[in-house]
Amino acid sequence: MISNHAVARILREIGLYLEMQDIPFKPRAYEKAAEEIESLSESVSALYKEGGVKALKELPAIGQAIAEKIEEYLTKGNIMYYEKLKKQIPVDLEALTGIEGLGPKKIKVLYNKLKIKNLKDLERNAKNGKIANLEGFGEKTASNILEGIEFQRTSGIRFILGHVFSDIELIIERLKSVRGVTHAISVGSARRMRETIGDADILVVAKKSLAVMQIFVSMPEVVRVFAQGSTKSSVQLKSGLQVDIRVVSRESLGAALNYFTGSKDHNVALRKIAIKKGWKLNEYGLYQRPTYRTGKQVKSDPPPSRLRRAGRRQGWKMIAGRDEEGLYKKLGLSYIEPELREMTGEIEAALRQAQGKHPGLPRLISYNALQGDLQIQTNWSDGAHSILEMAKAAHAQGLNYILITDHTKRLTVTHGLDARRIQQQWREIDSVNKKMRGKIKVLKGTECDILKNGTLDLPDSILSKLDVVGVSVHSFFALSKKEQTTRIVRAIQNPHVDILLHPTGRLLNKRPSYEVDMDEVIRVAKTTTTALEIDAFPERSDISAEYIKKCVNAGVKMSISSDAHATSHFAFLRYGVGLARCGWARKRDIINAWPEKKMKKMLK
DNA sequence: GCCGTTTTCGGCCCGACTGTTTTCAGTCG
Ligand SMILES: Nc1nc2c(ncn2[C@H]2C[C@H](O)[C@@H](COP(=O)(O)OP(=O)(O)OP(=O)(O)O)O2)c(=O)[nH]1
Ligand SMILES: [Mg+2]
Ligand SMILES: [Mg+2]
Ligand SMILES: [Zn+2]
């Protein structure tokens with residue numbers, strides 16, 4: 001079966017070829033179509049099989065022409081239009097565009113003049129001076145290309161937010177200590193709390209940018225400076241992480257936050273609204289056209305410093321942008337939380353809300369809403385710390401209850417518990433509860449293995465005595481979608497089962513989820529009142545925002561758990577809340593944002 | 001090529017930095 005990625009890639013390449021020919025707008029159309037396909041959760045192939053060209057056309061950014069090309073690719077294995085384009089410039093576009101600074105125009109020249117087709121050709125010609133001699137190229141371009149080859153971004157790999165969050169915070173603290181800096185804020189996909197980020201984006205407010213930029217590019221962990229200007233710089237760190245910075249003046253904070261937080265599509269949508277109203281939106285503010293009155297000159301802005309002047313044209317009057325709230329308001333929208341800015345209906349909802357219509361924006365669960373944690377491993381299985389240590393750490397995090405969920409015996413590598421040992425564990429939990437004297441309640445639970453046939457690794461007689469039963473898949477990832485779905489559905493149909501843990505089994509940057517029909521799982525979970533977990537352990541981040549939204553819409557409740565294996569891991573809960581917010585979840589959707597009694601009653 | 005509570009035609013976000021160029025194209029955010 002042809003993957004979405006393969007379809008997206010070919011569409012993206014068509015876009016690049018059209019850009020080489022300087023054709024306007026079409027490249028953007030193909031690029032948008034490629035992005036749409038790439039971000040699709042279901043398979044295009046399956047979608048086409050079910051609904052044909054008509055179904056494809058219903059996707060945003062896909063019209064008749066592109067739908068037919070996708071059809072051609074899925075049924076014949078190639079697209080004539082693409083093959084023709086490729087024949088003219090038969091190069092490895094994916095590899096070449098992966099070099100920072102190389103785009104379609106340069107790639108075209110490199111092929112036409114030097115027959116450069118791939119990275120090998122590129123390196124050879126950069127070294128032997130042929131590239132530097134090309135018209136429009138030069139020594140610097142050639143050396144940048146060589147550097148680009150050396151630093152070649154491990155293609156497509158994104159950083160896991162939880163792994164780099166503290167690195168970003170460190171840089172931010174450093175910038176905050178620079179004289180004249182009043183704000184340094186993590187923006188981009190990190191502010192939107194996406195589980196992975198392509199780079200770190202930082203917004204700084206300062207009257208003068210020079211010192212900030214100098215300090216930024218000379219930080220000890222910087223290995224490469226992509227660009228250094230007065231408002232914008234970009235570097236690469238030892239870790240491979242790219243960091244982009246923008247410095248603006250205080251009056252533009254709102255507009256700059258909005259711009260630099262994104263997402264790009266969200267920005268473009270807001271800018272279109274501004275255009276419709278006869279205004280202009282950029283990272284400096286929302287501006288009104290100069291209104292010329294006969295014989296009178298429009299009052300121009302106060303004498304500008306370099307930063308104030310940037311991005312402005314004479315006479316444009318700033319009407320919003322000092323803060324984000326005011327910006328959205330002026331555009332006729334309710335304020336949209338960063339986690340929602342993904343062009344998944346938030347603009348329409350914000351418009352409705354501002355007009356008093358329904359449904360408006362969700363009241364997202366807040367970052368301090370969690371009262372408990374429902375997945376915790378201890379040294380009874382593969383955790384590092386004792387029940388008491390975990391209880392104390394959870395209490396310090398402000399939690400009122402935790403559920404102990406050690407693995408079960410099938411997971412031998414984790415020393416999983418069998419019926420006998422879990423009963424011994426209950427005695428220890430009882431004693432910890434006595435020691436904690438009501439400061440925190442430790443509940444008896446399990447992360448019970450789902451066996452191949454959908455039965456469970458602990459007998460019902462044990463499960464029935466637990467406060468909350470979590471189940472999860474740790475084996476037979478390769479089952480067919482149908483078998484895997486049947487297996488999981490069978491497990492959650494066991495009346496003792498309360499929560500399906502890390503439901504899709506993905507490990508970011510390591511392995512994709514197993515094949516499972518999540519729509520079916522969600523449908524069944526609704527009938528069995530089973531909760532689905534939002535596992536906040538950074539490389540899991542499971543379920544994803546997309547499925548969270550489906551649960552919210554289906555009325556299926558969720559838990560947010562740290563999946564802590566050590567006392568420090570309770571900090572992960574924050575990422576779980578962020579992920580829940582990305583999925584439009586409210587307090588009422590998250591069972592451990594409720595008091596223990598209410599939570600347990602719902603699961604009964 | 002896509003898209004539509006002002007349109008099925010005529011728009012399409014907007015700006016910074018770099019290198020190579022006598023005024024800007026290419027690339028990127
Ligand atoms: N208006 C506009 N804004 C853009 C454009 N490209 C990027 N931005 C804004 C929105 C982005 O969220 C922000 C940071 O850009 P990034 O490329 O770092 O994207 P982002 O952080 O959203 O995702 P990432 O995880 O880094 O891939 O800059 C653009 O073409 N137009
Ligand atoms: Mg980013
Ligand atoms: Mg960036
Ligand atoms: Zn597990």
Side-chain angles (χ1 to χ4, degrees), chain A residues 11 14-16 18-20 22-34 36 56-70 81 96-97 99-110 131-145 148 187-189 198-203 209 213 217 225-234 242-248 252 255-256 258-287 306-307 309-313 316 348 351 355:
Chain A
L11 293 175
I14 291 175
L16 288 167
L18 295 173
E19 217 166 318
M20 289 181 193
D22 236 352
I23 293 169
F25 306 113
K26 278 199 200 187
R28 205 71 356 104
Y30 277 95
E31 194 188 308
K32 282 207 76 177
E36 173 63 28
L56 296 177
K57 272 176 67 180
E58 288 186 1
L59 297 171
I62 314 276
Q64 184 69 33
I66 292 183
E68 278 174 6
K69 290 190 176 67
I70 295 174
Y81 183 60
L96 293 175
T97 53
I99 302 300
E100 172 85 26
L102 272 196
K105 300 286 170 58
K106 285 195 177 126
I107 290 171
K108 181 187 183 186
V109 174
L110 290 173
I131 288 178
N133 285 334
L134 288 176
E135 202 183 313
F137 290 68
E139 292 294 345
K140 190 70 194 167
T141 310
S143 72
N144 280 345
I145 285 172
V187 288
S189 45
D199 67 1
D201 301 289
I202 296 175
L203 178 65
S209 67
M213 292 307 190
V217 300
V225 179
F226 294 113
Q228 182 183 0
S230 65
T231 75
K232 172 177 169 172
S233 296
S234 184
Q242 183 176 330
V243 187
D244 295 341
I245 190 173
R246 296 251 0 207
V247 181
V248 299
S252 292
N258 185 247
Y259 154 74
F260 216 11
T261 297
S263 66
K264 177 189 166 186
D265 289 345
H266 180 88
N267 288 356
V268 171
L270 292 185
R271 287 171 181 207
K272 282 180 177 164
I273 293 174
I275 291 170
K276 269 200 177 168
K277 294 182 186 284
W279 303 330
K280 180 179 69 165
L281 175 60
N282 59 29
E283 59 266 52
Y284 301 102
L286 182 61
Y287 295 92
R306 188 170 158 72
L307 285 187
R309 191 175 61 238
R312 301 269 196 99
R313 287 197 209 119
W316 285 78
E348 295 79 357
L351 184 65
Q355 298 173 345

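Every chain is numbered from 1 and lettered A, B, ... according to where its sequence line falls, protein lines coming before strand lines.
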A:Asp244 versus A:Phe260: any side-chain heavy-atom pair under 4.5 Å?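 A side-chain contact exists here, since the closest heavy-atom pair is under 4.5 Å.
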With a 4.5 Å limit on heavy-atom distance, are the side chains of A:Ile107 and A:Leu16 in contact?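 Sidechains of A:Leu16 and A:Ile107: no contact.
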Any side-chain N or O of [X] below 4.0 angstrom from OP1/OP2 of [N]?
| X | N | value |
| --- | --- | --- |
| A:Thr141 | B:dT20 | yes |
| A:Asn144 | B:dG19 | yes |
| A:Gln228 | B:dA16 | no |

Once you round it to whole Å, what is the distance between [atom2] of [N] and [atom1] of [X]?
| X | N | atom1 | atom2 | result |
| --- | --- | --- | --- | --- |
| A:Glu135 | B:dT21 | CD | C1' | 10 Å |
| A:Met213 | B:dA16 | CE | P | 12 Å |
| A:Tyr284 | B:dG29 | OH | C1' | 12 Å |
| A:Arg271 | B:dG15 | CZ | C1' | 7 Å |
| A:Leu16 | B:dC28 | CG | C1' | 14 Å |
| A:Lys232 | B:dT18 | NZ | C1' | 11 Å |
| A:Leu203 | B:dG29 | CG | C1' | 13 Å |
| A:Glu100 | B:dA16 | CD | C1' | 14 Å |

Residue whose closest nucleotide on DNA chain B lies nearer the 5' end, A:Ser234 versus A:Tyr30: A:Tyr30
Which comes earlier along DNA chain B counting from the 5' end, the contact point of A:Lys140 or that of A:Arg28, where each point is its nearest nucleotide?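 Looking at the nearest nucleotide for each, A:Arg28 comes out on the 5' side.
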Going by purine N1 to pyrimidine N3 plus the second Watson-Crick contact, or the G-U wobble pair, all under 3.5 Å, which nucleotide sits opposite B:dC14?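 With both distances under 3.5 Å, B:dC14 matches B:dG29.
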Side chains of residues 22-30 of chain A: which donor-acceptor partners sit under 3.5 Å, not counting sequence neighbours?
{"residue": "A:Asp22", "atom": "OD1", "partner": "A:Lys105", "partner atom": "NZ", "Å": "3.0"}
{"residue": "A:Tyr30", "atom": "OH", "partner": "A:Lys69", "partner atom": "NZ", "Å": "3.4"}

Out of [options], whichever nucleotide has its closest atom nearest the side chain of [X]:
| X | options | value |
| --- | --- | --- |
| A:Lys105 | B:dG29, B:dG15, B:dT27 | B:dT27 |
| A:Lys106 | B:dG29, B:dG19, B:dT27 | B:dT27 |
| A:Lys272 | B:dC12, B:dA16, B:dT27 | B:dC12 |

Remember a base hit wins even if backbone is also touched, and classify [X] as base, sugar-phosphate or nothing at under 4.0 Å, heavy atoms.
| X | value |
| --- | --- |
| A:Pro104 | sugar-phosphate |
| A:Phe137 | sugar-phosphate |
| A:Leu18 | nothing |
| A:Glu68 | nothing |

Given the [atom1] atoms of [N] and [M], what is the spacing between them in whole Å?
| N | M | atom1 | result |
| --- | --- | --- | --- |
| B:dT5 | B:dG1 | P | 23 Å |
| B:dC14 | B:dC9 | C1' | 24 Å |
| B:dT27 | B:dT21 | C1' | 16 Å |
| B:dG11 | B:dA16 | C1' | 26 Å |
| B:dT22 | B:dC28 | C1' | 24 Å |
| B:dC13 | B:dC24 | P | 23 Å |
| B:dT7 | B:dC2 | C1' | 14 Å |

Quick one: salt bridge (Lys or Arg N to Asp or Glu O under 4.0 Å) partners of A:Glu36, sequence neighbours excluded?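 Partners of A:Glu36 by the salt bridge (Lys or Arg N to Asp or Glu O under 4.0 Å) criterion come out as none, since no residue qualifies.
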Atom pairs under 3.5 Å, N or O on each side, protein against nucleotides 22-24 of chain B: can you list them with distances?
none

side-chain hydrogen bond (donor to acceptor under 3.5 Å, both in side chains) with [X]: which residues, sequence neighbours excluded?
| X | answer |
| --- | --- |
| A:Ser189 | none |
| A:Thr261 | A:Arg191 |
| A:Asn267 | none |

All N/O contacts under 3.5 Å from nucleotides 2-7 of chain B to the protein, with atom names and distances to one decimal?
{"residue": "B:dC2", "atom": "OP1", "partner": "A:Gly63", "partner atom": "N", "Å": "2.5"}
{"residue": "B:dC2", "atom": "OP1", "partner": "A:Gly63", "partner atom": "O", "Å": "3.4"}
{"residue": "B:dC2", "atom": "OP1", "partner": "A:Ile66", "partner atom": "N", "Å": "3.3"}
{"residue": "B:dC3", "atom": "OP1", "partner": "A:Ala61", "partner atom": "N", "Å": "2.5"}

Side chain of A:Lys32, backbone of A:Ala61: donor and acceptor closer than 3.5 Å?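 Flag not set: sc A:Lys32 to bb A:Ala61 has no pair under 3.5 Å.
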Kindly say whether A:Ser230 contributes a backbone atom to a donor-acceptor pair with the side chain of A:Ser209 at under 3.5 angstrom?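 At least one qualifying donor-acceptor pair exists.
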Could you tell me which residues satisfy side chain to side chain contact (heavy atoms under 4.5 Å, CB included) with [X], sequence neighbours excluded, listed by chain and number?
| X | value |
| --- | --- |
| A:Gln64 | A:Val53, A:Lys57, A:Glu68 |
| A:Val109 | A:Lys113, A:Leu134, A:Phe137 |
| A:Ala269 | A:Met343, A:Ile347 |
| A:Ala34 | A:Ala8, A:Leu11, A:Arg12 |

Going by atom types only, do A:Glu283 and A:Ser252 share a side-chain donor-acceptor pair under 3.5 Å?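 A:Glu283 vs A:Ser252: no donor-acceptor pair found between side chains.
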Going by heavy atoms closer than 4.0 Å, what residues in residues 262-270 of chain A are next to DNA chain B? A:Lys264, A:Val268
